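Read the structure below first, then the notes.
All chains are named by letter (A, B, ...) in the order of the sequence lines, taking the proteins before the strands, and each is independently numbered beginning at 1. Everything quoted here is computed from the prediction, not taken from an experiment.
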Amino acid sequence: MSMKAPRGTVDILPKDAAKWQYAENKIKDVCGRFHFKEIRTPLFEHTEVFQRGVGDSTDIVQKEMYTFEDRGGRSLTLRPEGTASVSRAFVENKLFGDPNQPVKLYYFAQMFRYERPQKGRMRQLNQFGVEVLGSADPAVDAEVIDLAMTVYKELGLTSLKLVINSLGDKESRDNHRQALVNHFEPYKEELCSDCQKRLSQNPLRVLDCKKDRDHPTMKTAPSILDYLNEASKTYFEQVQEYLTIMNIDFVVDPNLVRGLDYYNHTAFEIMSEAEGFGAITTLAGGGRYNGLIEDLGGPETPGIGFGMGFERLLMALEAENIEIPIDESLDCFVVATGSGEVEKEATRLVHELRTNGIQVDKDYQGRKMKAQFKAADRFQSKYVLVLGDEELEKKTINLKEMETGQQLEVPVENLIEELRKRLLGGK
RNA sequence: GCGGUCGUGGCGAAGUGGUUAACGCACCGGAUUGUGGCUCCGGCAUACGUGGGUUCAAUCCCCACCGGUCGCCCCA
C-alpha cells in the first residue's frame, strides 16, 4: 500500500461518522441550554500566538508543534489547542466590547500535536472546548465544569472522576514557587533530568512528575493550598461550594498541575475510571487563565475554559459499553427490472420521491432482480418499489413492505401520498 | 525521543527455503429466467509492508527502514 494517511491520523468512515454526529449534536444541545455560542477560528495561526499564548516552557510549544513557513516566509503553526486561538480572536475582534459579558464560546476543532501515536493520542485530534471570557465570578468556574460533566452524563458516562485544584493568583503562585525552589534545590542532584530543568523553569510541575513521585522530598513539598492568599483561598472555596450546590462530586488534588503556563486559580481534569480504558485516562482538562488576554494585547480580562478530547470521549463510551443509537435504515429502494424505458422511469421516480421528502436509493451495478433485493435488504430498506415492464405499462408500482413481505399495486400518481402516509405518519 | 509486539486477498486467518500460497467471511452468478433473509453449487480477488543481504532459489533466514499497536514521558 503506497498511499497511506500520515502517521497519527485516521479516516473517520461513515459508520463512525454517524457516532461523531450523534455526540456532536448532543453536545451542541447542551451548549445551547448553557447559552454558549459557537466560534470557529482558523486551523493555523502565527506561531507567536501559541508561543505567547500557550507558553514557551510547555511541552506543546517546545516539541509538539506543527510549524511551517509559508511562501511569504511567515512562520505558521497548526493549532495545538484552542484557548490561544480563541483568545486571539477575542482580542482581534474586540469581543471585550460586546455588551453581553461574559462572552461564552464553544468550539469543535481539529488540533495537531507532533507526538508518538498511542491509544487515545493522535497527531491530529478532535476537541470540543469551551471558553468564558470576561467574568471572574467563581460561579462561572462551576458552570464550565458543570457543562463538561453534563455532556458526559447525558451521553451516558458514569465512571468519571473530577479532580480540581487551585493554583492561586500571581502573588500566591510566586510565593509558592519560591517555597518550592527552596525546598527542592538542596536535593536537585537526586531528581530526574526533567525535574532539574523544571525547577528553574516551572517548579510547580516537579510536583506531578511520575519518575520522582517516590522521592522523599515529594511528600514534604510545600502545597500550593498552603500558599494561597486570602483572596485566592476564598475564591477556591466558593468554586467548591457552587459545585456542591449542583451536586457535582469532586476531589481536591493539590498536585494537579496543568501543563500550560497560562493557568491560575481553578485547574481541573476529568478522568475515566472505566475498566480497560487504557493508559491514558484524562478525558478533559481545563482551568482559569486570568491574564492571558492581556498577554495577547487585550484589556485585562479574566477567562476560563477546557478542552475535551473527542476520540477519548468515544473511547470512554465504548469502555462503558454505551451503545450509540444510530438508525441505519433506508426508507425505500427502487428495484428496476426490464427495458431501458424502465431504467428511465426508475430514475425519474427516484428523483421525484427524493424531492418530495422521501429517502430513496436504487441499484447502479446492473444487478439482477434477486441481487437488487439483497441490496435492499442490506440497506435495511423499509420498502421496495418494484418497477418492471408490466408496471410501466399499467402506470403502477409494486410496493413491498420488507418486514411483513406484504405487497400491493399502487398507481404511480398515488405513490408519494401512500409512502408519506406510511413513512411520515401522514405529514 | 525511548521500549515491547506485529505487518499474508476488501476483512479475518493458515502456511512453506523450491512447480497453481489453504480456508472462512464478504461480494457476484446459478439452483429459483419478476422478489430479500435459510440451504446447496460455482465464480471472484493488483495478497506475502518497503529496500537491501545470505542462497542455485526467500513470503519464510539476517539487517535496515516504514507503518500499525501497546507502553514510557506528557497531555486531549
Side-chain angles (χ1 to χ4, degrees), chain A residues 1-10 13 54 57-64 79-83 108-129 148 192-195 197-198 202 205 208-213 256-260 269-272 276 278-286 305-316 330 333-338 342 363 365-392 398-407:
Chain A
M1 191 82 78
S2 55
M3 299 295 284
K4 283 184 184 167
R7 183 165 214 195
T9 67
V10 288
L13 299 175
V54 180
S57 79
T58 61
D59 282 358
I60 286 181
V61 170
Q62 283 188 348
K63 53 184 194 186
E64 295 175 6
R79 62 182 168 213
E81 58 96 57
T83 302
F108 286 95
Q110 291 76 33
M111 305 300 173
F112 302 84
R113 296 184 197 174
Y114 192 89
E115 294 189 278
R116 185 83 188 263
Q118 190 183 319
K119 190 178 181 68
R121 169 190 287 159
M122 293 286 113
R123 287 185 173 180
Q124 175 175 335
L125 57 121
N126 288 271
Q127 278 189 357
F128 156 64
C192 75
S193 58
D194 279 341
C195 282
K197 276 181 231 156
R198 287 174 184 141
N202 191 349
R205 292 185 56 205
D208 72 342
C209 177
K210 305 283 192 299
K211 276 188 199 151
D212 293 325
R213 164 187 302 178
L256 172 67
V257 176
R258 303 286 309 153
L260 311 187
E269 218 165 275
I270 300 169
M271 297 181 276
S272 172
I280 292 170
T281 59
T282 304
L283 296 179
F306 67 75
M308 176 184 288
F310 222 91
E311 286 82 358
R312 292 182 187 184
L313 166 64
L314 295 176
M315 273 171 58
L330 172 68
F333 191 85
V334 172
V335 168
T337 176
V342 169
D363 173 67
Q365 301 303 108
R367 292 193 177 96
K368 298 287 170 51
M369 182 178 219
K370 184 187 176 81
Q372 292 190 46
F373 263 90
K374 271 191 163 182
D377 203 48
R378 277 200 301 273
F379 285 135
Q380 298 175 44
S381 191
K382 298 185 187 83
Y383 295 96
V384 165
L385 306 175
V386 181
L387 178 66
D389 290 315
E390 268 180 49
E391 287 83 1
L392 192 62
N398 183 296
L399 174 68
K400 176 170 184 173
E401 186 176 30
M402 293 299 271
E403 201 181 325
T404 62
Q406 288 178 338
Q407 303 187 52

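The phosphate of B/G68 (OP1 or OP2) has no side-chain N or O of A/K119 nearer than 4.0 angstrom. Taking 4.0 angstrom as the limit, A/R79 places none of its side-chain polar atoms (N or O) nearer than this to OP1 or OP2 of B/A76. For the OP1/OP2 pair of B/A76 and a distance below 4.0 Å, the side-chain nitrogens and oxygens of A/Q127 include no atom meeting the criterion. Taking side-chain N and O atoms only, A/R116 has no distance below 4.0 Å to OP1 or OP2 of B/C72.
Where RNA chain B pairs in unbroken runs of 3 or more (Watson-Crick or G-U, both distances under 3.5 Å), the stems are B:1-7 with B:66-72, B:10-12 with B:23-25, B:27-31 with B:39-43, B:49-53 with B:61-65.
Nucleotides of RNA chain B nearest to A/L125 and A/A375 differ in position, and the one nearer the 5' end is that of A/A375.
To the nearest angstrom, P of B/C27 lies 15 Å from CD of A/Q372. Taking atom CD1 on A/I280 and atom C1' on B/C74, their separation rounds to 9 Å, with Å as the unit. The separation between A/L283 atom CG and B/A76 atom P is 12 Å, rounded to whole Å. If you take CZ of A/R367 and P of B/C27, they are 9 Å apart, rounded to a whole angstrom. As a whole-Å value, the separation of A/R121 CZ from B/C73 C1' is 8 Å. Following rounding to the nearest Å, A/L256 (CG) and B/A76 (P) show an atom-to-atom distance of 10 Å. Nucleotide B/G68 holds its P atom 8 Å from the CE atom of A/M122, rounded to whole Å. One interatomic measurement links the two molecules: CD1 of A/I60 to C1' of B/C74, which rounds to 9 Å at whole-angstrom precision.
In this structure, A/L283 CG and A/F306 CZ are separated by 11.5 Å, a value rounded to the nearest 0.5 Å. A/F128 contributes atom CZ, which lies 9.0 Å from atom CZ of A/F310 (distance to the nearest 0.5 angstrom).
No engagement by A/G338 is indicated, since no non-hydrogen atom pair under 4.0 Å with the nucleic acid exists. If you check every strand for non-hydrogen atoms under 4.0 Å, A/E311 touches nothing. Across all strands shown, A/A284 has heavy atoms under 4.0 Å from sugar-phosphate atoms exclusively, and none from any base. Nucleic acid contact class of A/G366 (heavy atoms, under 4.0 Å, all strands): none.
Partners of A/Q124 by side chain to side chain donor-acceptor pair (under 3.5 Å), not counting sequence neighbours: none found. Contacts of A/R121 classified as salt bridge (Lys or Arg N to Asp or Glu O under 4.0 Å), with partners at least two apart in sequence or in another chain: A/E115. For A/E401, the side chain to side chain donor-acceptor pair (under 3.5 Å) criterion is met by A/T404, not counting sequence neighbours.
On the C1' atoms, B/G12 is 34 Å away from B/U55, given to the nearest whole Å. Comparing the P positions of B/G9 and B/A47 gives an interatomic distance of 9 Å, to the nearest angstrom. Rounded to a whole angstrom, the distance from the C1' atom of B/A58 to that of B/G67 is 22 Å. Between the C1' atoms of B/G18 and B/U59, the separation comes to 13 Å (whole Å). The separation of B/C6 from B/A31, taken at their C1' atoms, amounts to 44 Å, rounded to a whole angstrom. Rounded to the nearest Å, the gap between the C1' atom of B/U19 and that of B/G68 is 35 Å. Using atom P as the reference point in both B/C60 and B/G3, the two lie 25 Å apart (nearest Å). Annotation: B/A26 and B/C40 have their P atoms spaced 12 Å apart (nearest Å).
Without hydrogens or angle criteria, A/R312 side chain to A/T282 main chain gives a donor-acceptor distance under 3.5 Å. Side-chain atoms of A/R79 never come within 3.5 Å of backbone atoms of A/M111 as a donor-acceptor pair (strictly under, hydrogens ignored). A donor-acceptor pair under 3.5 Å links the side-chain atoms of A/S381 to the main chain of A/F333, judged by distance alone.
Checking B/C72, B/C75, B/C74 against the side-chain heavy atoms of A/D59 singles out B/C74 as nearest.
Side-chain contact check for A/E311 and A/N126: at least one donor-acceptor pair (N or O, by modelled atom type) lies under 3.5 Å.
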Can you check nucleotides 34-39 of chain B for protein contacts, nitrogen or oxygen pairs under 3.5 Å, and list what you find?
from, atom 1, to, atom 2, distance (Å)
B/G34, O6, A/E390, N, 3.2
B/G34, O6, A/E391, OE1, 3.3
B/G34, N1, A/E391, OE1, 2.8
B/G34, N1, A/E391, OE2, 2.9
B/G34, N2, A/E391, OE2, 2.6
B/U35, O2', A/K400, NZ, 3.3
B/U35, O2, A/K400, NZ, 3.2
B/U35, N3, A/Q407, OE1, 3.0
B/U35, O4, A/N398, ND2, 3.3
B/U35, O4, A/Q407, OE1, 3.0
B/G36, OP1, A/K370, NZ, 3.3
B/G36, O2', A/D377, OD2, 3.3
B/G36, N7, A/K400, NZ, 3.4
B/G36, O6, A/M402, O, 3.1
B/G36, N1, A/M402, O, 2.5
B/G36, N2, A/D377, OD1, 2.9
B/G36, N2, A/M402, O, 3.4
B/G36, N3, A/D377, OD1, 3.0
B/G37, O4', A/D377, OD2, 3.3

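The side chain to side chain donor-acceptor pair (under 3.5 Å) contacts involving residues 366-380 of chain A comprise A/D363-A/R367, where partners must be two or more places apart or lie in separate chains.
Residue side chain A/E269 does not reach the base of B/A76 through any donor-acceptor N/O pair under 3.5 Å, judged by distance alone.
Note that A/R123 lies outside the cation-pi zone of A/F112, set by a 6.0 Å cut-off to the ring centre and a 45° limit from the axis.
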